[in-house]
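Down below is the structure, laid out as structure tokens.
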Amino acid sequence: MKIKIKNIGEFELDPSLSLKSLIPEIKKSFKEIPIGFKYNNELIDWHHSFSNLNSESIELEPIFKKNKEALYFLRHTAAHVLAQAVKELFPEAKLGIGPATEEGFYYDIYYKHPFTEEDLQKIEKKIKEIIKKKLPLEREKLSKEEAKKLFQELKEDFKLELLNEIPDEKVSIYKQGNFIDLCKGPHVLSTGDIKAIKLLSISGAYWKGNEKNPMLWRIYGTAFFSKEELKAYLDRLEEIKKRDHRKLGKELELFTIEEGIGPGLVIWLPKGAIIRNIIENFWIEQHNKYGYQLVYTPHIALRDLWRISGHLDFYAENMFPPMELENRVYQLKPMNCPFHIYVYNQKRRSYRELPIRYCELGTVYRFERSGVLHGLLRVRGFTQDDAHIFCREDQLEDELTKVLDLVIYFLKVFGFNEYKIFVSTRPDKFVGSPEIWDKAEDALKKALENKGLEYEIDPGEGVFYGPKIDLKIKDVLGRFWQCSTIQVDFNLPERFNIVYVGEDNKFYRPIMIHRALLGSLERFLGVLIENYAGAFPFWISPVQIKVLTITDRTVSYGEKIAQALIKEGFRVETDFRNEKLNYKIRIAQQEKVPYMVILGDKEEQEEVISVRTRKGEVLNNIKLRDFVNQLKKENQPDFLLNE
RNA sequence: GCCGGCGUAGCUCAGGGGUUAGAGCAGCGGAUUCGUAAUCCGCAGGUCAGGGGUUCAAAUCCCCUCGCCGGCUCCA
């Protein structure tokens, strides 16, 4: 058969042999051979053969080291090497699954007792020995029966379980040295291709993610084609650690979560509270501009409300338990929506009034299992920047487009210009008719297309009450965070039986759009802290300017300048302590204050100021007036957009 | 919730059965009056997460509880 490899050439392949047989031929004219190939959008490796294929000729797209898919081959093999090392050191261990991931690989392994740090080091040593041996990988096709026999002999119970779930008649196994694994591939040619590998951590993981199943030990690692890339990756991990919002939140005195108050419950310290307040004010201002009406609703409501809304059926396990007072039962709110329905229902609504948009910075409480709490990113009490839009079916697309406008504006203001967008479609369990779901899904897609936004479909991932758009924002380290969500809801209007009067004087059911732009203020602040590494843009910096004196002689001049800046509306702190300038600068720098105003005898005599920026730039002989004018511009939320 | 690790001064961390538990930073007092990332000296600061147990003796070993960290799962 004919094999065409894009940009490389055409070759004749004996269908009973693997692609490997072409290597000598290719090597004649190319120094670097591909890592693997893409065929029909699937990754295949050199070990692949086309014995079952009918067609005479096929075309492959080569994948080289520089292509990001290449790491997938390498890491998959790395996972096998890890498993091999573990089996050699701990022969009774039983293998689960061992895939490559975005950042590395892992292998889930059952063993009678947990692996320790020392075990990990031993395993890593063994891995390096295996790599040094440059063991070639081999692929074999077996019938399921043969495979079952094989893995029975190997006493790999989990593999047998997997085998039973594979529908195909034949399965593939990969070998290297005396190690055998059930595996689809793809892999690299030799264990020697792994030039840099590191085991990173170990943790428990349920077999197939189900907590009723036994727990395996998951060993995480990562691998690269070069030591430099590994080092860069480890440096990145360091950088992520440095930016951890929990660490910075403490250092910069932004927030705290206290054992004495409760897990997942956030206290905003003055400096964090300022940031939050600035964001909230900006948010309210923008929502007024975009035709939303601000409302406030309670944190708690009668249990019956949650019965009508369906939360007790679908969401009970995430709600704090009921409390009874004077024979009535109340429950903390996990969402704001039912309240906004009551706002809507204050009077008979006309089709002319729609769309109606209510917004609220609504604090909700959700019971999250203790093991999942994480700083500000996963908490039990948080404030959603929530809104509910009540509209007619014919307004849906337009409203969604407007919401997208607003989302994108907000994200831009906070420095997020890249995102991934997901449209989640109808799940198996859903309310409403399939027709209206289709319409809503269409409206979501059209709205995205109107804005020229690319999206991916998450099939069946919609909420039971309607399809949704989720936006994941990309931060400066390239990490994605889920914040914004836009959800269409047919369910609540039905449950609460809300209506509007149409042109024909008949009653119609409005559609509801739930949406949060920032998601939760807690999570968003957490993401912001990490994105800016605590060095916030001027307009949201808790302390914008710090006035430093060089000696006691200039304290009164310092006081005068500080007061003038405060009067202009800036957030100013002073450091007039009897310390050396270098010391004061160091402190201000650690506090990540955007501007330091430094005052000595010279400045006082000439009635100017000296400015040092957070980046270390020094500007001498500045007139206070000029400084203020510049900062007033910089104090605008959209300052960076206009640059 | 489950698995593993951890919990010592406000913060970062030493001490891992044997007198009275340490250091640096921060704080307080004093000296120093200094030009763009740490001046010096002194002082104070602890129910060693909480509870129970083993022991002549527990921060240290064991058990329970709470919290945190990394995962599993879920999501704003």
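Predicted, not measured: the structure shown is a model, and the values here were computed from it. Computation of the quantities below employed the complete heavy-atom set of this structure, encompassing side-chain atoms and omitting hydrogens, waters and symmetry-equivalent molecules. Below, chain A is the first sequence line, B the second, and so on; all start at residue 1.
Toward the 5' end of RNA chain B, the nearer of the two residues A:Thr551 and A:Leu619, judged by each one's closest nucleotide, is A:Thr551. Between A:Ser520 and A:Leu599, the residue whose closest nucleotide on RNA chain B is further toward the 5' end is A:Leu599.
Separating the CG atom of A:Leu361 from the C1' atom of B:A76 is a distance of 14 Å, rounded to the nearest angstrom. Atom P of nucleotide B:A38 and atom CG of A:Asn582 are separated by 5 Å, given to the nearest angstrom. The CD atom of A:Glu317 sits 12 Å away from the C1' atom of B:C75 (whole-angstrom rounding). A straight line from CG of A:Asp108 to P of B:G4 spans 16 Å, rounded to a whole angstrom. Spacing between atom CZ of A:Phe576 and atom P of B:G35 amounts to 18 Å, rounded to whole angstrom units.
Residue-level contact check: A:Gly519 touches the backbone only, with heavy atoms under 4.0 Å from sugar-phosphate atoms and none from bases. Residue contacts shown for A:Asn620 include a base, since a base heavy atom lies under 4.0 Å away. Heavy atoms of A:Gly600 sit under 4.0 angstrom from at least one base atom. Heavy atoms of A:Glu579 sit under 4.0 angstrom from at least one base atom.
Interface remark: the A:Arg523 side chain does form a donor-acceptor pair with the B:C75 base, using a distance-only criterion of under 3.5 Å. A donor-acceptor contact under 3.5 Å links the side chain of A:Tyr206 to the base of B:G1. Evaluation of atom-type donor-acceptor distances gives a pair under 3.5 Å for the side chain of A:Glu603 against the base of B:G35. You'll find a donor-acceptor pair under 3.5 Å spanning the side chain of A:Glu368 and the base of B:A76, going by distance alone.
Screening residues 255-273 of chain A for salt bridge (Lys or Arg N to Asp or Glu O under 4.0 Å), with sequence neighbours left out, gives A:Lys271-A:Glu573.
Aromatic ring orientation, A:Phe367 versus A:Phe320: perpendicular (interplanar angle above 60°, classes split at 30° and 60°). Aromatic ring pairs are classed by plane angle as parallel below 30°, tilted from 30° to 60° and perpendicular above 60°; the pair A:Phe115 and A:Tyr111 is parallel. Below 30°, between 30° and 60°, or above 60°: for A:Tyr365 and A:His299 the angle between ring planes is between 30° and 60°, a tilted geometry. Below 30°, between 30° and 60°, or above 60°: for A:Tyr358 and A:His340 the angle between ring planes is above 60°, a perpendicular geometry.
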Might you list the N or O atoms of the protein lying below 3.5 Å from N or O atoms in nucleotides 24-27 of chain B, with each pair's distance?
unit_1	atom_1	unit_2	atom_2	d
B:A26	OP1	A:Tyr583	OH	2.7
B:G27	OP1	A:Arg577	NH1	3.4

Distances under 3.5 Å only, N/O to N/O: pair up the protein atoms with those of nucleotides 42-46 of chain B.
none

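A donor-acceptor contact shorter than 3.5 Å is absent between the side chain of A:Lys208 and the backbone of A:Asn213.
Under the stacking definition used here (centres under 5.5 Å, planes under 30°), the residue A:Phe524 fails to qualify as stacked on the base of B:A76.
A cation-pi arrangement is not found for A:Lys402 relative to A:Tyr290, the charged atom failing to lie both closer than 6.0 Å to the ring centre and inside a 45° cone about the ring normal.
Side-chain contact annotation: A:Tyr465 with A:Gln487, donor-acceptor N/O pair under 3.5 Å present.
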